[in-house]
Amino acid sequence: MSGPDPLDPATLEQAGTGALAAFAAARSLPELAVTRTEHLGDRSPVALARRAIAGLPGPQKAEAGKRVHALAQSSQAAYEARKVELERQRDERVLAEEAVDVTVLPERPDGARHPLTTISERVADVFVAMGWELAEGPEVEHEWFNFDALNFGGDHPAREMQDTLFVEPAGSGLVLRTHTSPVQVRSMLDRELPVHVVCPGRVYRADALDATHSPVFAQVEGLCVDEGITMAHLRGTLDHLATAVFGEGLRTRIRPNYFPFTEPSAELDLQCFACRGASAGSGAEPCRVCASEGWIEWGGCGMVHPAVLVACGIDPERYSGFAFGMGLERTLMFRHGIESIRDFYEGDSRFTLSLRSEA
Amino acid sequence: MRVPISWLRTLVPGLTACADEIAARLVRAGLEVEQVHRVGQDVRGVVVAEVLDVQDLTGFAKPIRFCHVSVGQRTHEVVCGATNFAAGDRVAFARPGAVLPGGVDIATRRTYGHTSDGMICSGAELGLTSDAAGILVLPASAPLGGDVVDLLAMRDEVLDIAVTPDRGYQLSVRGVAREAATAFGLALRDPGLEPAAAPSPDGFPVRVEDPELCSRYVARIVYGLDPLARSPLELQRRLTLSGMRSISLAVDVTNAVLLELGQPLHAFDLDALSGAIVVRTARTGERLRTLDGVDRELSEQDLLITDGSGPIALAGVMGGGPTEVTSATTALLIESAHFAPRSVARTARRHRLPSEASRRYERGVDPALAGAAAERAVQLLVELGGATAGPVSDVDGRRPRPALRLPVTAPGRLAGRDYPADVVRRRLQDVGCHVTGAEVLDVVPPPWRPDLAGAADLIEEVVRLEGYDTIPVVLPSAPAGRGLTTQQRLRRTASRSLAAAGLVEVVTPPFVGDEVLASLGGAMTCPRLVNPLSAEESLLRPTLLASLAAAVVRNVSRGITDVALYESGCVFIGSGQSAPSPGVDGPPTAEQRAALDAALPSQPRHVGVAFAGDRASWDAPLSVLVALGRELGLDLDVRAAAADPYHPGRAGELLLDGQRVGLAGELHPRVVAALGLPARTCAGEANLDVLVEAAARRGPPQAVPLSPFPPAAVDVALVVAREVPAAEVEAALRAGAGPLLEGLRLFDVYTGPQVGEGRRSLAYALRLRAPDRTLTDVEVLSTRDAAVAEAARRTGARLRA
């Protein structure tokens, strides 16, 4: 056997020092791998020493073994520690390299539902939650449903050309419905009593399009017919709807008015949601939304006229009902500060996108 | 209806509340007070002046005068364009610094070569009269330097009231005064109840041929009217504030009575009448030149006033030219009549002649008023025009109104609160009803309330006068509901699916023009409007594409480059039919109902999509509609289709179980050009009703078993003739692979020399899985082979080498 004694304590000592230094000096995982082969591999001093132990006489074996084992352990520990450190460094570097600008997002096409769609659903949902049902009907409607059954006399001005769009053949009795009330008539004819329906839909008038008029607009109406229905129930329902659409604490007000299909009839005002009525009266802060009236006109309502009940086959001696209706554009214009009714019908995608949130 | 508060106060003597308070109480009672106009409030510095001298200036195109006026302590020189005054007259003079109605500032200025140190005012400039030609000459008693605003009581407020069609009585100061008196609990001085002179046998001969259309006709004769007599300032002021012009004393008096009482009067020139007055409907071919100078052909339904010469007035609408009161008239016949609302309404509309009279007759005039109104007019003409009252005729065909029966508890039952019996009675009496009975009231409504026709109308009067604000607020409880129907929920799903796919919803008017429809091609019939808003858009759309195309064009024109729109809306197909209206005494019979429904055109709800600009891509509309179908639980097949208005090689039909439910693809370049769309605009449309119904019929989706065993992946590349649609190859692979096929995806399409001319290679990834075992290699290969064999059989496909 030639060369230095692998079990020489000084040699071992030196090998241990060398290993620790080499591992500490390794600057990368590949370098560390090379160093590991050198200091812990098959031909490393530790391996040689282990093999040399076998040739020692018995009594010396234990002590040499202990010494070699200590060397191996310390070297291995130094290696492991360095490896963990280098891996940590590598991971850190990789993650740093992988960093991106999270503000650069791939463009995803924007879609949105129209505010008239979402408000219709919102209002319908308020009523559906109370146990009402959603009723629908045709837009080209027969005058019997649109006028006759609703107690419009034959000479009512609404039946004139300047108000109503008539459908050919002329004199056929077909019109573009002027309100969603024909759906109420259909509901009363087709459903079992009691009737609780909400009817959103598109309606038409012979008005040219400008900032406040449109030949087509959206309405929602509600109808409740049962025994013992009163105006108090009408007021309760309207207050509930106002709160659901515009927020807690807003009240409604009804003022006497005239509609052929209700008696008593009323105009429906909503407490101004901007000033909450505080702007009314002299000296108060003026309000732009309600022109300092404290109230804004929202729709019409009343108790279903007995003649309407009769035309729908309901005994007015036994049953009573209330009905109400409001323009959805107007509702949205208040809610979102929309200035022109044109915006609803021009199809400008910016309009829909800006009002997409259902909040 | 414009009601000066000062006029109102004359009929409600105790009314001291301010105009705003009056307006608020009237609103609470249901009158629609749209505005309270304040007049004379802003006028300052207008004083009584005496004209000292007048010098007519020459050399100008119109008469111009240079005058000196005195306001007491000092004199002013002033230029004036009116000529109806002389030295010594007292006039309304606006000093420099004065403010006229509407905030017009008066200052010293140089004009017509002279200094004008103020302005002599006309009645119109002061907002008092409608006379702008001459200046206002004041009585000699007016104190020099006195404030004209005070002197003429120019400060007033005017209520502007929108009158609903059922409340004709509110088209009079009398009617509004009644509401005000009730609202404040005050007494009304009702000029409609003043006694009138009784008819006499020497009255002007009057015959009413149709008492149904004319229930009352009072004719009063007035002689010896001074044709030069002018309306006093106060009368002119009232008319002006009420929105009328002062014309002549005779006309002003009839107008003042119309405004105060609501009774339209017509004054005929007595000397122009020949023979008896006959009230009758027109005969074929009769004509009348009305006051507005139009020669009108009359309808046999027009109710006329005639004399020996033929028609002299359209009853309740407008008088005729030949019998018109002129500046020379000294003898009058004043008509104070009651005409049937419906007849007047029809005539006014037929001749497009709405008038102050017709507005009132249409809404119902108090038939009891005819005598008192005529009396009032005669008195004014006697008093102001030096006239003499002549004999009276009164053809009275009125019938007593039957009493209405009202259970005294009915108002409370409908309102949801109690009204004591005495309150119910008192409120009905407030509106003028005669009330008797206890438990059940017998109520005779007053003659000025034709709208009170049933118990419900009486209930409204009680409830409104007690205040709608006193009605409690109670939320009714509906029976448990079933929520939205399946169809309603699915429609919402469809809308959400398109928005989620990046499309923006639009809502467009359904009116389209023939030209647009023609350019979209296809033989579509749809309903036409009788009275469209625009002749260019007189059809109701049979397709959403017409409206969507317009919306695309608008977006592009506004600089939006990535347009992807959708609409869910009705289309109108076919044409409507005539169907008679059933009565309203009860529900329509089943046959009547069926006829009504059958008369309507078909109105299915469609969904339409359009992609343009950066978003234009032939496949986009097809994919979003297929995806929409999937959201509804439906597998829509796509098949190439050449159909208007699409590109023949870049469009497909959407099939549901083999039936076409929609079309989509790139629009035909010809259509794109015709509609002014950006090149390559793509669109699609499907019948949402059909999809939703099919989905609803299909019922709830059933769960698939989730196999715990691993899938096997196998790819096949098939070469087919180029014209073979991938969908057919895919269908064949699916059929051939059988139930083990879990998924299939086309991942590569190759054309080129390796597969040969006219052919292409379609590469599919198949994923196989069994529910109960791990598939063996043999099973995987035999499944693949079966799939390929079926593709070969159906489409001639062969495995790519």
Side-chain angles (χ1 to χ4, degrees), chain A residues 109-114 116-117 128 130-134 138-140 142-144 148-149 155 161 165-170 172-174 189 196 206 208 215-216 224 230-233 235-236 239-240 254-258 263-264 266 303 306 311-313 320 344-349 352-353, chain B residues 27 30 164-166 342 345 414-416 456-457 459-460 463-464 468 471-476 478-481 483-484 488 495 499-509 527-531 533 551 554-555 558 560 564-565 570 572 576 578-579 581-582 584 586-587 596 599-601 603:
Chain A
D110 250 353
R113 296 197 302 152
H114 196 277
L116 286 173
T117 304
V128 168
M130 293 194 292
W132 294 41
E133 292 182 353
L134 178 58
E139 293 181 8
V140 171
H142 195 282
E143 278 186 295
W144 191 84
D148 298 46
D155 285 298
M161 292 284 215
L165 292 166
F166 289 86
V167 177
E168 287 192 351
S172 61
L174 298 184
L189 287 171
H196 294 79
V216 51
C224 162
T230 70
M231 290 181 84
H233 294 133
R235 291 198 69 195
D239 270 6
H240 182 72
I254 58 174
R255 287 180 288 121
N257 200 330
Y258 169 75
E263 188 81 32
M303 302 304 289
C312 296
S320 57
F344 290 97
Y345 294 102
E346 287 194 329
D348 191 317
S349 49
T352 305
L353 285 168
Chain B
V27 166
T164 51
D166 61 327
R342 184 170 292 200
L414 198 65
D457 305 308
I459 290 171
E460 178 175 76
V463 177
R464 99 179 151 91
Y468 281 7
I471 297 170
V473 176
V474 179
L475 195 58
L484 298 178
Q488 288 164 347
S495 170
L503 284 87
V504 173
E505 186 179 19
V506 296
V507 177
T508 58
R528 187 179 294 276
L529 292 176
V530 174
N531 56 333
L533 288 160
R554 184 167 290 118
N555 276 280
R558 292 180 180 180
I560 296 157
L565 306 177
C570 286
F572 306 87
S578 283
S581 276
V584 290
L596 287 174
L600 304 179
Q603 305 172 55

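Chain identifiers are assigned alphabetically (A, B, ...) following the order of the sequence lines, protein sequences preceding nucleic acid strands; residue numbering begins at 1 within each chain.
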Side chain, backbone, both or neither: which part of A564(B) has a heavy atom under 4.5 Å from chain A? neither

Note: vs chain B, highest number of non-hydrogen pairs under 4.5 angstrom among S172(A), P169(A), P138(A) is S172(A)

Taking L353(A), V128(A), T117(A) one by one, which has the highest count of heavy-atom pairs under 4.5 Å against chain B? T117(A)

Given heavy-atom pairs under 4.5 angstrom as the criterion, report whether the side chain, backbone, both or neither of L503(B) touches chain A. backbone

Among E460(B), R558(B), R342(B), the residue with the most heavy-atom pairs under 4.5 Å to chain A is E460(B)

Is it the backbone or the side chain of L529(B) that comes under 4.5 Å from a heavy atom of chain A, or both, or neither? both

Under 4.5 Å from any heavy atom of chain A, what part of A579(B) do you find: side chain, backbone, both or neither? both

Quick check on V507(B) against chain A: is it the side chain, the backbone, both or neither that has a heavy atom closer than 4.5 Å? both

Winner by heavy-atom pair count (cut-off under 4.5 Å) against chain B, out of M231(A), R255(A), H240(A), E143(A): M231(A)

Count the heavy-atom pairs under 4.5 Å between each of S320(A), P215(A), A149(A) and chain B, then report the option with the highest count. P215(A)

Under 4.5 Å, counting heavy-atom pairs only, tell me which of V167(A), V140(A), D110(A), T352(A) racks up the most with chain B. V140(A)

Does the pair E263(A) and D457(B) meet the rule for a side chain to side chain contact (heavy atoms under 4.5 Å, CB included), with working shown? CA-CA 6 Å; E263(A) 188 81 32; D457(B) 305 308; 3.0 Å; yes

Where does Y345(A) contact chain B at under 4.5 Å (heavy atoms): side chain, backbone, both or neither? both

Measure R528(B) against the heavy atoms of chain A and call it side chain, backbone, both or neither at under 4.5 Å. both

Part of Y468(B) lying under 4.5 Å from any heavy atom of chain A: both

